[in-house]
Amino acid sequence: MKTWRFDTPSQTLVLASEGGVPHAVYWGPSLPECDLAEITKAARSDVTGGMLDHLAPISLCPVEGDSLHAQPGLMAYRNGTLIKPKFWLTAEAEDGFTCQDDDLGLSLRLKFEVKGEVIEASSRMVSEDVLTVHHFAAPVLPGPQSGKILHFSGRWIGEFRPERSLWAPGILTREARTGRSGHEHPPLAYFCEAGATNTQGVVFGMHYGWPGGHVMQAEELPDGRRQIQWGHARGTYGSGTEFETGVLALSVSNRGLNGCATAFQRHLRDDVVIWPDENRPRPVHYNCWEAIYFDHDINVLKDIADRAAELGAERFVLDDGWFGKRDDDTSSLGDWDIDPRKWPDGLTPFIAHVQRLGMTFGLWFEPEMVNLNSDLARAHPDWILGPVDQVEGRQQRVLDLANPEVREYLFDKLDAILTTEDIDYIKWDHNRLLPAPDAAQARGLLELLSRLRGAHPNVEIESCASGGGRVDAGILRHTHRVWLSDSNDALERLRIQHDAALMLPMALTGSHVGPRVCHTSGRSIDMKMRAWVAAQRHMGFEMDPRELTDSEAEVLREITQWWKDNRDWRMTADILRLECSDPAIIAEMNLAQEGDRFVVFVGQAQSSSQILPRPVRLTGLDPSAEYTLVLRTRADAPSLSRETPALKQEELRLSGAYLMQQGVVLPWSFPETMHVLEGTRVS
Ligand code: GLA
C-alpha cells in the first residue's frame, strides 16, 4: 500500500494505492501530520450481504470492470468497442501519478498541483491506438457524507442562480451542451455539510475550468458512498490518441462557503489570470453599447467620451457596430474591417480624442461568429459549423475554429487592427450557442487567444457571451475580465454578482452603471443604488451620459472617486458574503488581505417584512481587535428614518467579537438602496 498527501493551508487530500489507480481515502479540512497508513486502514469499510466480497475503492478514474458498478470516469471506444482498462500505477512524481495498461497501450496521467488554497487536478490519457472518447473525468473524488449540494443554473440577464439538491441514490447530472461553459449550468458546485452557511461549517468547492461545455455527475452509490466527477461535456472529446480534461479546482473550508469562495477568488485572480501588468490599477470603464447601440456617429461619440471622462472614466470601449456594414445584428460578423461609412478616417482620430481625455481605448469583437450576410460567409461557406438548415441564433452562425485556416484568417484580422490602432482592451463576445458542442472548437479558440496574447501581450481581454455565458477558469487563463451579465438593472446585478462571488473576485468582475430606465427590465433605479452596485466590482458606466441630470452626474462622480480612492486595497481584498437574518438584504464585505480595513455593502433589495432593520453581522474579523466604523451613506437616510442610530451621526469603535456576534444596526432605509459602511482596525 502506498500513500500520499496534498495540503493547502485549509485542506488535505490523502490518496492510497494497492498497485492500481490511487483513490482518495480522505478529502477534507486540514489534517495534522499523521500516519497515512493508519488513515487508509481506518477508512476501510465492512461489507454485508447482497454485495461483492470486497469493496472496490472509488479510484481517481473508475472504469468498467473495476467491480465498482458506478458511473465510470472513462468511457472510450476502440473500433466501436468499449475498452475496459486495467491500469497499474507505474510512476509517481511530486505532482501526481502515471498509470498504465500495457495490454491496451494506454497511459493515464493524474496531476495534482497546489496553488495557494486550491488544489488543481487534471487527467490526461495517451493511447497507442486511435480511441473515441465519450466521457473522461478529471480526478474523481468522494463526496461528503452529509449535507446538500449547492449548484447553479442561470439564463441571459439572470446568471448564477443557486440551486440546492439533496443527495439521493442515483446521479445528479449538470451538463452544459451549448459549446460554452454557459449561463445554464455554471461549472461550479459546492458540497455543504449539514448546517453550513456563508460563514460557518464545512464546505467542499469544485470548479471545472473549461470554456467548451462540461458535465458534473454527483452520484450516490447503493452502498452509500458518493463520487463526484467533472469532465468535458460527454461526446465532445472526439477521436484521437491524446485526451486531456480541464483543470478541476478543489477547495475545502471549515468556515462556510466563504472559505471556498475566497480560495477560488484568489486562485482566479492570482494564479489563473495572466495580467499584462498586475500593478496597473483597473481603469474605470465607459462602454457605449446601451447609449448608442449600432448608431455610430463620431461627433456624438466624442461628446459622450468627453462626458464619460469628466465623470471619471479611464477606458472607453467602442462596442458592436464599427465594422463591415453592421447597422443591426443581421449582418457583417466576420468582416472585421472598419466601416468607412461610419468611420471615414478610420478609428485613429477618435482614439486620439479618447486618449487626449486621459482614457485608453477598447474595441468589441465577436471573432468566432459569422452572419450569412457577410463577405466572409459568401467567400467561405465551408468555414461554417453545422447543417445548412440549422436554426440560427441572433441571425448568426459559428465559424469552425478547429480549422487552422479559420484561425489564421481571424488572427490576421485582429492582429492588423491591434497593430495599426492603439488598443489596450478587447471585449471578446460569443452570442450564440454552438450547433453541437465540440471540444475541438474550444481548443481552437484557446489557441487563437494564446497566439493573439503572444503577439499583443499588453492587450487585456474581456470574456463576454451575451453577458455571463462563458465564465470559467479555462477562458480566464487567456482573458482578464468577465462581462458577468447583460443586466444593468442594479437590483438584479446586486444578486447576480453576490452569487457569482462564490468564485469571482472583484478584479475580474465587470459591473456598469446602466441607463436610468433599465433596458432589460424597464425598471427605474436611483443613481446612488446604480453607482454603488457597480462600485462593488470592476466599475464602469454604460448609460448615455447625456441623459444625466446634474445631481445624477454629481453622485456618479463622487462614487467613482470613492471607487478610485479604494481600488488599490479592494482589488486584492476578499469578498465575504454575509449571513443575513433578513431575506430582503443582500450584504457582503470586502476585507483587505492584511485584515486592517474593510467595507460592507448592505443592499436593501426589497422592503423588509419586519418594521426595523435587523443587525448585520460581520465576519472574518479579529475578535480581539477594535475597529472604527463610519457609515459612508449616512446622509442618504430618508426622512422616514426618524431616530438617530449612532452610525447616522458619528463613528463607532467596536471589537471584532461584537461585530461578528451581535452585528451593526443601520438606519432604516428605502428599498432599492445601499448602505456602505467602512471599517478600519485600530488595535
Ligand atoms: C452582446 C453583449 C452586449 C453587447 C452586444 C453587442 O449581447 O453581451 O454587451 O456587446 O452583444 O452586440
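Keep in mind the model is a prediction, meaning the values are calculated, not measured.
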Original post:
Sub-3.5 Å donor-acceptor pair from the side chain of E117 to the main-chain atoms of R266, do we have one?
Top reply: no
Original post:
After noting the C-alpha distance and the side-chain angles of R397 and R432, does the key distance pass the side-chain contact (heavy atoms from CB on, under 4.5 Å) rule?
Top reply: CA-CA 8 Å; R397 297 186 181 217; R432 68 154 281 179; 4.3 Å; yes
Original post:
CG of N403 to CG of L410: how many Å apart, nearest 0.5 Å?
Top reply: 10.0 Å
Original post:
So, for F264 and S251, which heavy atoms are closest and what is the spacing to 0.1 Å?
Top reply: CZ-OG, 3.3 Å
Original post:
Are R269 and D574 close enough for a salt bridge, meaning some N to O gap below 4.0 Å?
Top reply: no
Original post:
I58 and side-chain contact (heavy atoms from CB on, under 4.5 Å): which partner among V140, I228, D66?
Top reply: V140
Original post:
Closest heavy-atom contact between Q265 and A501?
Top reply: NE2-O, 2.8 Å
**OP:** For E278, look at atom CD and say whether over 12 heavy atoms of other residues, nucleotides or ligands are found less than 6.0 Å away.
**Re:** no
Subject >> Candidates V133, V130, L82 - the one meeting side-chain contact (heavy atoms from CB on, under 4.5 Å) with Y77 >> reply: L82
Original post:
Say you draw a straight line from CG of L591 to OG1 of T262; how long is it, rounded to the nearest 0.5 Å?
Top reply: 9.5 Å
Subject >> Lys NZ or Arg CZ of R493 over W483 ring: under 6.0 Å, within 45° >> reply: yes
**OP:** Return yes if some donor-acceptor pair links the side-chain N/O of S30 with the main-chain N/O of P9 below 3.5 Å, else return no.
**Re:** yes
Subject >> Note, R164 side chain near P162 side chain (heavy atom, < 4.5 Å) >> reply: yes
Original post:
Between W4 and F97, is a ring pair (Phe, Tyr, Trp, His ring centres under 6.0 Å) present by the stated rule, with each step listed?
Top reply: CA-CA 10 Å; W4 304 266; F97 316 94; 4.6 Å; yes
**OP:** Verify whether one side chain among E163 and S153 offers a donor that lies under 3.5 Å from an acceptor in the other.
**Re:** yes
**OP:** Any chance you could lay out the side-chain contact (heavy atoms from CB on, under 4.5 Å) test for H430 and L445, step after step, and finish with the verdict?
**Re:** CA-CA 11 Å; H430 184 284; L445 163 70; 6.0 Å; no
Original post:
So F160 and M503, side-chain contact (heavy atoms from CB on, under 4.5 Å) or not? Walk me through it.
Top reply: CA-CA 10 Å; F160 280 90; M503 65 182 270; 4.0 Å; yes
Original post:
Does N198 offer a backbone N or O that forms a donor-acceptor pair with the side chain of N258 under 3.5 Å?
Top reply: yes
Subject >> Lys/Arg N to Asp/Glu carboxylate O, R470 vs E366, below 4.0 Å >> reply: no
Original post:
So which heavy atom on L576 is nearest to which on G620, and how close?
Top reply: CD1-CA, 4.4 Å
Original post:
Hey, what do you get for CD1 (I426) to SG (C464), rounding to the nearest 0.5 Å?
Top reply: 13.5 Å
Original post:
Is atom NZ of K148 surrounded by more than 12 heavy atoms (other residues, nucleotides or ligands) closer than 6.0 Å?
Top reply: no
Original post:
Under a 4.0 Å N-O cut-off, is there an ion pair linking R226 with E220?
Top reply: yes
**OP:** Return yes if a side-chain donor-acceptor contact under 3.5 Å exists between W428 and E368, otherwise no.
**Re:** yes
Subject >> Within-4.5 Å side-chain heavy-atom neighbours: V398 and P435 >> reply: yes
**OP:** Taking atom types as modelled, find out whether E120 and H267 have a side-chain donor-acceptor pair closer than 3.5 angstrom.
**Re:** yes
Original post:
V471 versus E159: any side-chain heavy-atom pair under 4.5 Å?
Top reply: no
Subject >> Flag side-chain contact, heavy atom, 4.5 Å: D53 against V47 >> reply: no
**OP:** May I ask you to decide whether R577 forms a salt bridge with D499, counting only side-chain N to carboxylate O separations under 4.0 Å?
**Re:** yes
**OP:** Measure across S466 and D486 and return the closest heavy-atom pair with its distance rounded to 0.1 Å.
**Re:** C-OD2, 3.6 Å
Subject >> D102 CG to W88 CH2 distance, which is reported to the nearest 0.5 Å >> reply: 11.5 Å
**OP:** Taking the side chain as every heavy atom from C-beta outward, state whether E244 and R109 have any pair of such atoms under 4.5 Å apart.
**Re:** no
Original post:
Would I39 and L31 satisfy side-chain contact (heavy atoms from CB on, under 4.5 Å), going step by step from the backbone distance to the final call?
Top reply: CA-CA 11 Å; I39 290 202; L31 288 179; 3.6 Å; yes
Original post:
Between W210 and H232, what is the ring plane arrangement, given parallel below 30°, perpendicular above 60°, and tilted in between?
Top reply: parallel
Original post:
Do you know the tightest heavy-atom contact between A56 and L68?
Top reply: O-CD1, 3.5 Å
Subject >> Check: L401 main-chain N/O paired with Q441 side-chain donor or acceptor under 3.5 Å >> reply: yes
Original post:
Is there a side-chain contact between I575 and M506, using heavy atoms and a 4.5 Å cut-off?
Top reply: yes
**OP:** Say whether, by atom type as modelled, one donor and one acceptor occur between the side chain of H480 and the main chain of I461 under 3.5 angstrom.
**Re:** yes
Original post:
Does the side chain of Q497 pick up a donor-acceptor pair with the side chain of S511 at under 3.5 Å?
Top reply: yes
Subject >> Electrostatic pair E92-K2, nearest N-O below 4.0 angstrom >> reply: yes
Subject >> Sidechain-backbone polar pair: R481 side chain, H538 backbone, donor-acceptor under 3.5 Å >> reply: yes
Subject >> NE2 on H151 to OG1 on T173, rounded to 0.5 Å >> reply: 10.5 Å
Original post:
In Å and rounded to the nearest 0.5 Å, what is the CG to OG1 distance from L110 to T98?
Top reply: 8.0 Å
Original post:
Is any side-chain heavy atom of H207 less than 4.5 Å from a side-chain heavy atom of P187?
Top reply: yes
Subject >> L108 side chain reached by C61 side chain, heavy atoms, under 4.5 Å >> reply: yes
**OP:** Kindly say whether F243 contributes a backbone atom to a donor-acceptor pair with the side chain of Y237 at under 3.5 angstrom?
**Re:** no
Subject >> From Q217, M216, R234, E184, residue fulfilling side-chain contact (heavy atoms from CB on, under 4.5 Å) relative to E175 >> reply: R234
Original post:
Just wondering, are more than 12 heavy atoms of other shown residues or ligands nearer than 6.0 Å to CG in D277?
Top reply: yes
Original post:
Is R282 salt-bridged to E460, going by a charged N under 4.0 Å from an acidic O?
Top reply: yes
Subject >> With S10, the side-chain contact (heavy atoms from CB on, under 4.5 Å) member among D7, T12, T8 >> reply: T8
Subject >> Residue pair P142 / W27: nearest heavy atoms and the distance that separates them >> reply: O-CE3, 3.6 Å
Original post:
So, R453 side chain and I274 main chain: donor-acceptor pair closer than 3.5 Å or not?
Top reply: yes
**OP:** Mind telling me whether Y208 and W230 have parallel, tilted or perpendicular rings, with 30° and 60° as the class edges?
**Re:** parallel
Original post:
Between the main-chain N or O of E242 and the side-chain N or O of R124, is there a donor-acceptor pair closer than 3.5 Å?
Top reply: no
**OP:** State plainly whether the residues E18 and R44 are in salt-bridge range, i.e. N to O under 4.0 Å.
**Re:** no
**OP:** Say whether, by atom type as modelled, one donor and one acceptor occur between the side chain of Q390 and the main chain of L385 under 3.5 angstrom.
**Re:** yes
